[in-house]
Amino acid sequence: MSKIALLIGVSHYKPGLTALPGAVRDVEAMQQVLEHPNIGGFDDVVCLVNPDRQQMEQQIEALFSNLKKDDVVLLFFSGHGIKDEIGALYFATSITQKKADGQILKSTAVSAGFIQDMMAESRSKRQVVILDCCFSGAFAEGMTAKDDGGVDVQAQLGGEGRAVLTSSTSLQYSFEQDGESLSLYTRYLVEGLETGAADSNRDGIISVYELHCYTKAKVSEAAPAMRPKIFAVEEGFQITIGNAPLGNPELQYRQEVSHLVYHGEISTIARLTLDTLRHQLELPETVAHQIEAEVLEPHRHYQKRLSQYESVLKESISKEFPISEVTEKELNRLQQILSLKPEDVRNMRQRLTPGLIPKSSHEIPTNPQPTARKKRPASQSRWLGFGLIGLASLGIAIGLANRPPLDPFQPDPILSEKPLPEAQGWIRIGAIADPPPDEISGSQLLEQGPATPITIEPPVVPEVGSTVTLISSANLRSNVPQEPYTLSGVINFLRENQSLVVLDRWLGRDPDVPGRQQVWIQIGYPSDESRDSMTTYAFVLP
């Protein structure tokens, strides 16, 4: 069995496409870990920097030629991904141009269809494609986004014996950060391989799926708007991409730090645990501190963007208060681009203007916790959310459904500008770890494997009143699950790419997987004039 790779980085472009200096550094970093005999162990790694279309196509064709069934072949691309007017994906080269109407000049770029043909003709059944690019054009200060549009990566590059990893989904952004040597995504790909930390089951082998899970967790912590994805079929998930050392004290310490860190902090108990482990492993203190700094780095990235937002917010407040509707919309858009958690922005606003901020109809709705909270008995393991049922017109009060509410002291919401749509039924959107946090909104949904994929985008527990996008089909059921998890029959079949409004949530222990809580949402359909996936239905609390 042979392992070969082609690493392509395009940093220089014709006018119309932003330069991406980090793309070349991405290639160099990937080359080092893949060629290392104790890490990637690849027999042949070819690097291609700033190629034109012909050079790029020739090397891709050579990569997938003359292979055997068990050979592992890897194609890595860092640069701009572009879609044409019919949604076909292209990869920009150093000569790629755009026409006057903004459409790509197809003869200057490499199409995903060409790559698909080369992979289909190859004898290898172990093919890995890694794309550190995205197909969206929005960007924030200090970051450059890698092009624009949406594309179905799975349909255009997926297939049997194949795994396709992307730095973000078609509706999101892949950022290069000013002052950073590597792109965020490639940085954590390399880290997962180089340190061995991606070896989650500690068997000494790093599969494509393990590498994806590690990188996704790190990237999501540093830039929650980026949602790395993996598209694979059965055996594609288990393709071996690297090796990890067994019994290595540095790796053991790194994995323990990753396990104990919570919200970017090491608690007093965790500190004592790590110090004890460091002495047992006879690890130098300087090495341990370096490992901790690297593990905490994604949190540092996030705090940097939070600071950027705070500076802009302070300036806005100093110029006008209450903040105008136009400025509010701009701030909300910046929040989305910087991928800041709603609760962090909410706390920031309360800190900067304590007791003064009027509720904006554009702000993502929240369910604040009361100061005095009644403890529930341990036997009540499942969490029940607000039982809101939307009525048809503005001004009609929202009643609570006949189920226990999240908290008996929570004041009844008053409907703001938009009424919630009529309830249609319940769908399961995934699971979170047990026990759940006090405030589950924004909690990352767990990876569930190919048999039970995450259903919504973004893949977090949504707020009541927010709009989510269904990214895979789902069965719609008429009533919420109850002990012992019985449900009525399917009343409808929802297809992918549907926008849905969240009317209620339900949480309960997963009977099949210990340590998990099932998450279900009651949904409604947005009104025709508000199909945009960024729409939220706001509440005001008295």
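None of these values were measured; they are calculated from a predicted model.
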Heavy-atom pair of closest approach, residues [X] and [Y]:
| X | Y | answer |
| --- | --- | --- |
| Leu211 | Leu189 | CD1-O, 3.6 Å |
| Ile456 | Pro462 | CD1-CD, 4.1 Å |
| Asp199 | Glu210 | OD1-OE2, 3.7 Å |
| Leu306 | Met348 | O-CE, 3.6 Å |
| Pro51 | Val10 | CD-CG2, 3.9 Å |
| Ala198 | Ile206 | CB-CG2, 3.9 Å |

With Glu294 via salt bridge (Lys or Arg N to Asp or Glu O under 4.0 Å) - residues at least two apart
Arg254
All salt bridge (Lys or Arg N to Asp or Glu O under 4.0 Å) counterparts of Lys69, not counting sequence neighbours:
none
Mark yes or no for whether [X], through its side chain, and [Y], through its backbone, hold a donor-acceptor pair below 3.5 Å.
| X | Y | answer |
| --- | --- | --- |
| Ser318 | Glu315 | yes |
| Ser466 | Glu463 | yes |
| Ser207 | Ile239 | no |
| Thr93 | Ile95 | yes |
| Asn50 | His12 | yes |
| Ser167 | Cys133 | yes |
| Ser311 | Ser307 | yes |
| Gln59 | Leu6 | no |
| Ser122 | Met119 | no |

Approximate separation, where rounding is to 0.5 Å, of [X] [atom1] and [Y] [atom2]:
| X | Y | atom1 | atom2 | result |
| --- | --- | --- | --- | --- |
| Gln335 | Leu313 | CD | CG | 10.0 Å |
| Met56 | Ser94 | CE | OG | 10.0 Å |
| Lys3 | Ile241 | NZ | CD1 | 7.5 Å |
| Leu7 | Asp26 | CG | CG | 10.5 Å |
| Ile115 | Phe77 | CD1 | CZ | 8.0 Å |
| Met118 | Leu63 | CE | CG | 11.0 Å |

Under the ring pair (Phe, Tyr, Trp, His ring centres under 6.0 Å) test, which residues partner Tyr13, sequence neighbours left out?
His80
Go through the structure and list residues passing ring pair (Phe, Tyr, Trp, His ring centres under 6.0 Å) with Phe76, not counting sequence neighbours.
none
Determine whether Asp71 and Ser124 satisfy the following criterion, side-chain hydrogen bond (donor to acceptor under 3.5 Å, both in side chains), listing intermediate values before the conclusion.
CA-CA 6 Å; Asp71 289 341; Ser124 169; over 6 Å; no
Close side-chain approach of Thr467 and Leu500, heavy atoms under 4.5 Å
no
Report yes if the side chains of Ile130 and Tyr185 come closer than 4.5 Å at any heavy-atom pair, otherwise no.
yes
Results of side-chain contact (heavy atoms from CB on, under 4.5 Å) for Lys99 - residues two or more places apart only:
Asp101, Gln103, Leu105
For atom CD of Gln303, is the number of surrounding heavy atoms from other residues, nucleotides or ligands below 6.0 Å larger than 12?
yes
Begin from the C-alpha positions of Glu328 and Arg349 and carry the test salt bridge (charged side-chain N to carboxylate O under 4.0 Å, His left out) through to its verdict.
CA-CA 12 Å; Glu328 192 69 71; Arg349 289 188 168 211; 2.7 Å; yes
So which pairs with a foot in residues 47-56 pass salt bridge (charged side-chain N to carboxylate O under 4.0 Å, His left out), sequence neighbours left out?
Arg53-Glu57
